[in-house]
Q: 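The structure under discussion is supplied below as structure tokens; questions concerning it will follow.
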Amino acid sequence: MDKVLEVLKKGMATELWGMRFYEQAVARTESEAGKKVFQSLVAEEEGHLDILRGEYASVAGDKDWVSREDAKALAASVDPEEIFPEAATVEALIPDDATDEQALKLAMDFEMRGFKLYEEAAKGAASPAEKAVWDFLAKAEDAHYAFLQQTYDYLTTNGVWYFDDQELPFFEG
């Protein structure tokens with residue numbers, strides 16, 4: 001159980017730092033479309049953090065893994081800043097002189113680290129419920145990475161921000 005709790009702690013740290021990173025990105029991005037991208041990622045990371053907090057509360061309380069909905073209901077019982085006090089005083093995660101493109105690359109790195117952590121945890125899961133949590137989180141981080149990569153590619157080729165509800169050209173050949 002100690003190993004599982006350590007992975008849950010690492011997951012919480014990953015999501016917490018990702019959330020802080022995206023909050024800083026919102027504050028420094030001038031483009032409204034760019035702000036929208038990062039705001040949506042803040043909300044997603046908060047949701048993932050809640051799942052991990054709830055699972056931590058359940059597993060640490062010698063209970064079984066719970067559904068994502070039940071985990072979110074238990075989330076308030078775990079304060080991630082008590083586990084990671086340094087998160088409350090986080091320094092700038094994005095250098096002041098970083099371009100939007102560089103910020104996106106840093107964000108992709110956060111997402112890749114989370115994906116690898118959750119993918120590895122899923123391989124060692126002791127129960128289907130545990131595996132389901134890790135698989136869900138790995139899939140979400142992978143989707144974030146792909147979205148950020150697409151945004152990066154779009155920004156570097158078209159000079160504008162990309163987000164899901166934007167209509168892109170369609171060509172038939």
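Computed over heavy atoms, backbone and side chain alike; hydrogens, waters and symmetry mates excluded. Just so it is clear, the structure is predicted and the values come from calculations on it, not from any experiment. Positions are given from 1 along the sequence.
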Q: Using side-chain heavy atoms (C-beta onward) and a distance below 4.5 Å, is Lys139 in contact with Asp135?
A: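 Side chain of Lys139 against side chain of Asp135, heavy atoms only: no contact under 4.5 Å found.
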Q: Working to the nearest 0.5 Å, report the span between OH of Tyr22 and CD of Glu44.
A: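 Here the interatomic distance stands at 10.0 Å.
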Q: Does the Glu55 side chain pair with the main chain of Leu52, one donor and one acceptor, at a distance under 3.5 Å?
A: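 Between the backbone of Leu52 and the side chain of Glu55 there is no qualifying donor-acceptor contact (under 3.5 Å).
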Q: Measuring from Leu117:CG to Met112:CE, what's the distance to the nearest 0.5 Å?
A: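 It comes to 13.0 Å.
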Q: Under a 4.0 Å N-O cut-off, is there an ion pair linking Asp109 with Arg113?
A: yes
Q: Please answer whether the main-chain N or O of Gly54 pairs with a side-chain N or O of Ser58 as donor and acceptor at a distance below 3.5 Å.
A: no
Q: With a 4.0 Å cut-off on N to O distance, would you call Glu32 and Lys35 a salt bridge?
A: no
Q: For residues Phe115 and Ala138, report the shortest heavy-atom separation together with the two atoms involved.
A: CD1-O, 3.2 Å
Q: Would you kindly confirm whether Tyr118 and Val66 end up in one hydrophobic cluster when ILVMFWY residues are joined by side chain heavy atoms under 4.5 Å apart?
A: no
Q: May I ask you to test the Phe38-Thr151 pair for a side-chain heavy-atom distance under 4.5 Å?
A: no
Q: How long is the gap from OH on Tyr145 to CD on Gln150, to the nearest 0.5 Å?
A: 13.0 Å
Q: Side chains of Trp65 and Val4, heavy atoms from C-beta outward: is any pair under 4.5 Å?
A: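 Side-chain contact under 4.5 Å: yes.
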Q: What are the two closest heavy atoms between Gln102 and Ala98, and how far apart are they?
A: OE1-CA, 3.1 Å
Q: For the atom pair CD (Glu46) and CE (Met19), what is the distance rounded to the nearest 0.5 Å?
A: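 The CE atom of Met19 is 5.0 Å from CD of Glu46, to the nearest 0.5 Å.
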Q: Are the side chain of Thr14 and the backbone of Gly114 linked by a donor-acceptor contact shorter than 3.5 Å?
A: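 No: the side chain of Thr14 does not pair with the backbone of Gly114.
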Q: Just so I know, are the side chains of Tyr56 and Leu74 near enough to count as touching, which here means a heavy-atom distance under 4.5 Å?
A: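 When only atoms from C-beta onward are counted, Leu74 and Tyr56 do not touch, as no gap falls below 4.5 Å.
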Q: Is there a side-chain contact between Val78 and Met12, using heavy atoms and a 4.5 Å cut-off?
A: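 Side-chain contact under 4.5 Å: yes.
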Q: Using side-chain heavy atoms (C-beta onward) and a distance below 4.5 Å, is Tyr152 in contact with Gln149?
A: yes
Q: Calculate, to the nearest 0.5 Å, the distance between atoms CD1 and NZ belonging to Ile51 and Lys72 respectively.
A: 5.0 Å
Q: With a 4.0 Å cut-off, would you call Glu6 and Lys9 a salt bridge?
A: yes
Q: Which pair of non-hydrogen atoms, one from Ile94 and one from Leu106, has the smallest distance, and what is that distance?
A: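 Smallest interatomic distance, heavy atoms only, reads CA-CD1, 4.5 Å.
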Q: Under a 4.5 Å cut-off applied to non-hydrogen side-chain atoms, are Leu148 and Leu41 in contact?
A: yes
Q: Look at Arg53 together with Asp50 and state whether they make a salt bridge at an N to O cut-off of under 4.0 Å.
A: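 Yes.
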Q: Could you tell me the separation between the NZ atom of Lys123 and the CD atom of Glu119, rounded to the nearest 0.5 Å?
A: 5.0 Å
Q: Checking Glu23 against Arg20 for the salt bridge (charged side-chain N to carboxylate O under 4.0 Å, His left out) test, could you report, in this order, the C-alpha distance in whole Å, the side-chain angles of both residues, the deciding distance, and whether it holds?
A: CA-CA 5 Å; Glu23 288 168 345; Arg20 297 288 192 253; 3.7 Å; yes
